[in-house]
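A quick write-up on the structure given underneath.
Keep in mind the model is a prediction, meaning the values are calculated, not measured. The residues of the chain are indexed from 1 along the displayed sequence.
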Amino acid sequence: MADATDVSTLTNGPGETGAGKVGAGRARAGKADAGTADAGTAGGSGGASGAGGAGTAEVTGANGGTKGGANSGAEGADRSWDDGLIARHAAGHNGVGGVAVTVGVEGIDGGTAAPAGAHQPIGGAYEGPLRARLDALRELVGLSRTRIEGTTLAEAGRVLDEASTRQRLSSRHTVVAIAGATGSGKSTLFNALAEVPISETGLRRPTTSAPIACVWSEGAAGLLDRLAIPGRLRRKPLAGGDGDEELEGLVLIDLPDHDSAVVAHRDQVDRVLALVDAVIWVVDPEKYADAALHERYLRPLAGHAEITFVVLNQIDRLPADAADQVLDDLRRLLDEDGMALGEHGEPGATVLPISALTGRGVGELRGEIGRCVQERNAAARRLSADVDAAAARLRSVYVADGRTGLSERSRDEFAERLAGAVGAVATGEAAEREWLRNAGRACGTPWLRLWRWYERTRTPGGGVPRAEVIVEDELTARQRVEQAVRTVADDAAAGLPRPWAQAVREAAVRGAVGLPEALDELAVTAGPPSGRPSRPAWWPAAVLAQATMTLLQIYGGLWLVGQIIGVLDPGIVPPVLVMLGGIVGGPLVEWACAAAARGPARRYGQDAERRLREAAAGCGRAKVLDPIAAELMRYREVREQYSTVSGLTR
């Protein structure tokens, strides 16, 4: 056999299946007698068929060694392969009595890359920083869906979708597109690289009306399906690519003109450029400074410099000095576009002068493309650049201006405003006055207490009024609560990106619903307890002293009356002194008790104020501060994910 042939599972009916097998590798030498195929059962072209039959095949290379083999039946039933459309068709019949087909793949160096029957994965998993960045981007989008508009996250979602799609496709192939303006020589360069006239060239414009693909190795069907390139526009290079080891795995795409007058052509260019792994921009001496090229493509794709080739074509039309000047000017324009140039071993865009018509510089370009293909990381580089671009677009919605968060000062001020709205200070003062009043009732002179009783009886609806808590009217208190919520929300949202600042304010507003009513209830339930305040331990002694002073007054008065009526011996001084002692001692005891009561009364009022403050602060924390803290925590989470996405943690 001159070349290996792909054979899919053939299904002729239920239970009637044939399987064929060939080696996927090519013998680089001795192709005429590269190998012979033996089938275990009579078969068609390279395959064997029979009712539930199983065939085996061997491909023997020029050196007589076995390059690959296949086993079918129970041993190979759980082994499958995927190589584009044919494999998907075979996999579709695998469940109807089909036989799984396995392929031994010959390496590029002519040796066996995998043992017979080994599974060769089509796609490859992303590794290292790129995988971490993609995972972080996925988390970032998930955490942000309810906070950020879908249009803002659309590009990030597209990058994730493309990353997932590209991962499932061949990692052994590199898709390179050739793009350029009308008459720049794209098709001529395309044919020169393929070494066979594939793409039509000529003076008619536009010459290329649809993307054309040239594939240097098998297994790229899935990639071409993704690019929506039909089978009639899929080609192979000269001699099928055999002997072209440096370009093994290359999928070259010739695009229509990006400045075509046909809108559909420009749309195809934009669609394909978003999917390929690398781009070759072809410019000519006349249009290399075209504003449409630089503003629409090169400047926005400046971050993709590592997978960008910029070739100055048609240098055969310029003298040597003029070609150097044009090339230097092209490099200057690329630098102004923000595109790094891969010079002196640094990563960046490759800029080369070529002449696709005469072949000058094509070999050097071919070598650069070959190195890019053999490194097999162009797809990862493209995806990494896409992630960078998506992160740059999202920067304004994730990166804050300065330090963010809710400071302790803001929390304390919020609690102070709520305490003022609920009347904590007035409540404490009222409790202190109530304590002092109770102390005066217990330790005051009986005559004063009797007079107060008399005054109360003369007052309609008299009674011992309970000290009322002085609280501002409802409207004013509600306004103060709303102002406190707005202030703390503004403090928390200061410096945050607009979507997250809005989310913080909305959380504060939602939490503030019902807050004034809750504070009103706290003013009643968390204020001073009903009834008389508790009394200190020295109050019984004060009451006894006051009673003693009263008894002295009564005793002195009776003594003096007894002397007046002649019952007792006359002697006015002793009874007067006793009575005066009681009269003076009563107010002194009352004054001393009032002085001693100021400290406990103050502490009692402060305790009442503290309880109301703590209750108001707790209510405000549960309803407003905790939702704000939750939003800030979510922002910190997405900020950490964004740092990973943008590569700041690399």
Side-chain angles (χ1 to χ4, degrees), residues 126 129-166 270 273-275 295-297 299-305 337-339 380-407 410 485-512 624-650:
Y126 301 121
L130 178 57
R131 179 175 181 179
R133 296 179 70 193
L134 289 173
D135 291 341
L137 183 60
R138 189 174 294 106
E139 290 291 331
L140 185 68
V141 172
L143 290 171
S144 306
R145 288 192 185 278
T146 59
R147 302 296 185 274
I148 299 177
E149 297 178 356
T151 54
T152 306
L153 299 174
E155 178 62 19
R158 186 196 68 80
V159 171
L160 290 173
D161 292 341
E162 294 301 333
S164 178
T165 302
R166 186 63 180 89
D270 295 341
L273 286 179
L275 301 176
E295 294 178 3
R296 187 177 179 184
Y297 294 104
R299 193 167 300 163
L301 295 176
H304 297 69
D337 291 334
M339 182 171 291
R381 289 184 178 183
R382 166 61 193 262
L383 186 56
S384 180
D386 287 344
V387 174
D388 288 337
R393 292 188 183 96
L394 294 174
R395 179 179 177 82
S396 61
V397 297
Y398 288 113
V399 178
D401 298 330
R403 188 174 181 178
T404 61
L406 197 58
S407 64
S410 297
V485 172
R486 285 195 302 269
T487 302
V488 75
D490 291 341
D491 291 344
L496 287 176
R498 185 186 60 81
W500 301 99
Q502 182 65 23
V504 166
R505 292 189 177 94
E506 290 177 354
V509 171
R510 288 194 303 269
V624 178
L625 295 185
D626 287 350
I628 289 178
E631 289 296 332
L632 293 175
M633 179 64 71
R634 180 184 288 267
Y635 171 73
R636 282 192 288 270
E637 290 178 3
V638 299
R639 185 66 180 85
E640 292 176 359
Q641 298 295 342
Y642 178 78
S643 298
T644 303
V645 171
S646 59
L648 298 179
T649 58
R650 286 183 292 178

| Under a 4.5 Å cut-off applied to non-hydrogen side-chain atoms, are Arg634 and Arg147 in contact? | yes
| Non-hydrogen side-chain atoms of Gln502 and Glu506 separated by less than 4.5 Å | yes
| Salt bridge flag under 4.0 Å for residues Asp386 and Arg382 | yes
| Neighbour count above 12 (heavy atom, 6.0 Å) for Arg158 CZ | yes
| field | Distance in Å, Leu301 CG paired with Asp337 CG, rounded so as to fall on 0.5 Å steps | value | 10.5 Å
| request: Assess whether side chain to side chain contact (heavy atoms under 4.5 Å, CB included) is satisfied between Arg639 and Val399, documenting all intermediate values. | output: CA-CA 7 Å; Arg639 185 66 180 85; Val399 178; 4.1 Å; yes
| query | Does some side-chain heavy atom of Leu383 sit less than 4.5 Å from a side-chain heavy atom of Arg166? | reply | no
| field | Minimum side-chain heavy-atom gap Thr487-Asp490 below 4.5 Å | value | no
| query | Going by an N to O cut-off under 4.0 Å, is there a salt bridge joining Arg138 and Asp135? | reply | yes
| said: Checking the side chain of Ser646 only, and the main-chain atoms of Ser643 only, is there a donor and an acceptor separated by less than 3.5 Å? | reply: yes
| query | Looking only at heavy atoms, what is the nearest atom pair of Arg636 and Ala629, with distance? | reply | NH2-O, 4.5 Å
| task | Apply the test side chain to side chain contact (heavy atoms under 4.5 Å, CB included) to residues Trp500 and Ser144: give CA-CA distance (whole Å), side-chain angles for both, the deciding distance (0.1 Å), then the verdict. | result | CA-CA 9 Å; Trp500 301 99; Ser144 306; 3.9 Å; yes
| task | Work out which heavy atom in Val159 is nearest to a heavy atom in Ala390; give both atom names and the distance. | result | CG2-CB, 4.3 Å
| field | Spacing of Glu139 atom CD and Gln641 atom CD [to the nearest 0.5 Å] | value | 5.5 Å
| message | Between Asp270 and Arg296, is the side chain to side chain contact (heavy atoms under 4.5 Å, CB included) condition met? List the steps. | response | CA-CA 10 Å; Asp270 295 341; Arg296 187 177 179 184; 2.6 Å; yes
| field | Residue pair Val485 / Val488: nearest heavy atoms and the distance that separates them | value | O-CG1, 3.3 Å
| note | Here the gap from Thr404 atom OG1 to Asp491 atom CG, rounded to the nearest 0.5 Å, amounts to 13.0 Å
| No-hydrogen, no-angle side-chain donor-acceptor test under 3.5 Å, Arg133 and Ser384 | yes
| field | Least distance between heavy atoms, Val387 atom then Leu134 atom | value | CG2-CD2, 3.9 Å
| query | Does Thr165 reach the side chain of Leu275, with side-chain heavy atoms less than 4.5 Å apart? | reply | no
| field | Distance (rounded to the nearest 0.5 Å) between Leu140 CG and Glu637 CD | value | 11.0 Å
| remark: The reported gap from CG in Leu394 to CG in Leu153 (rounded to nearest 0.5 angstrom) is 6.5 Å
| remark: Heavy-atom nearest pair, Pro499 first then Val397, reads CG-CG1, 3.9 Å
| message | I'd like to know whether CD of Glu149 has more than 12 heavy-atom contacts from other residues, nucleotides or ligands below 6.0 angstrom. | response | no
| message | Working to the nearest 0.5 angstrom, can you tell me the gap between Glu640 CD and Leu143 CG? | response | 10.5 Å
| task | Give me the ring orientation class for Tyr398 and Tyr642: parallel if the planes are under 30° apart, tilted from 30 to 60°, perpendicular past 60°. | result | parallel
| remark: Between Ile628 and Ala489 the two heavy atoms that sit nearest each other are CD1-CA, 4.3 Å
| message | Ile148 vs Val141, test: side chain to side chain contact (heavy atoms under 4.5 Å, CB included). Steps then yes/no. | response | CA-CA 9 Å; Ile148 299 177; Val141 172; over 6 Å; no
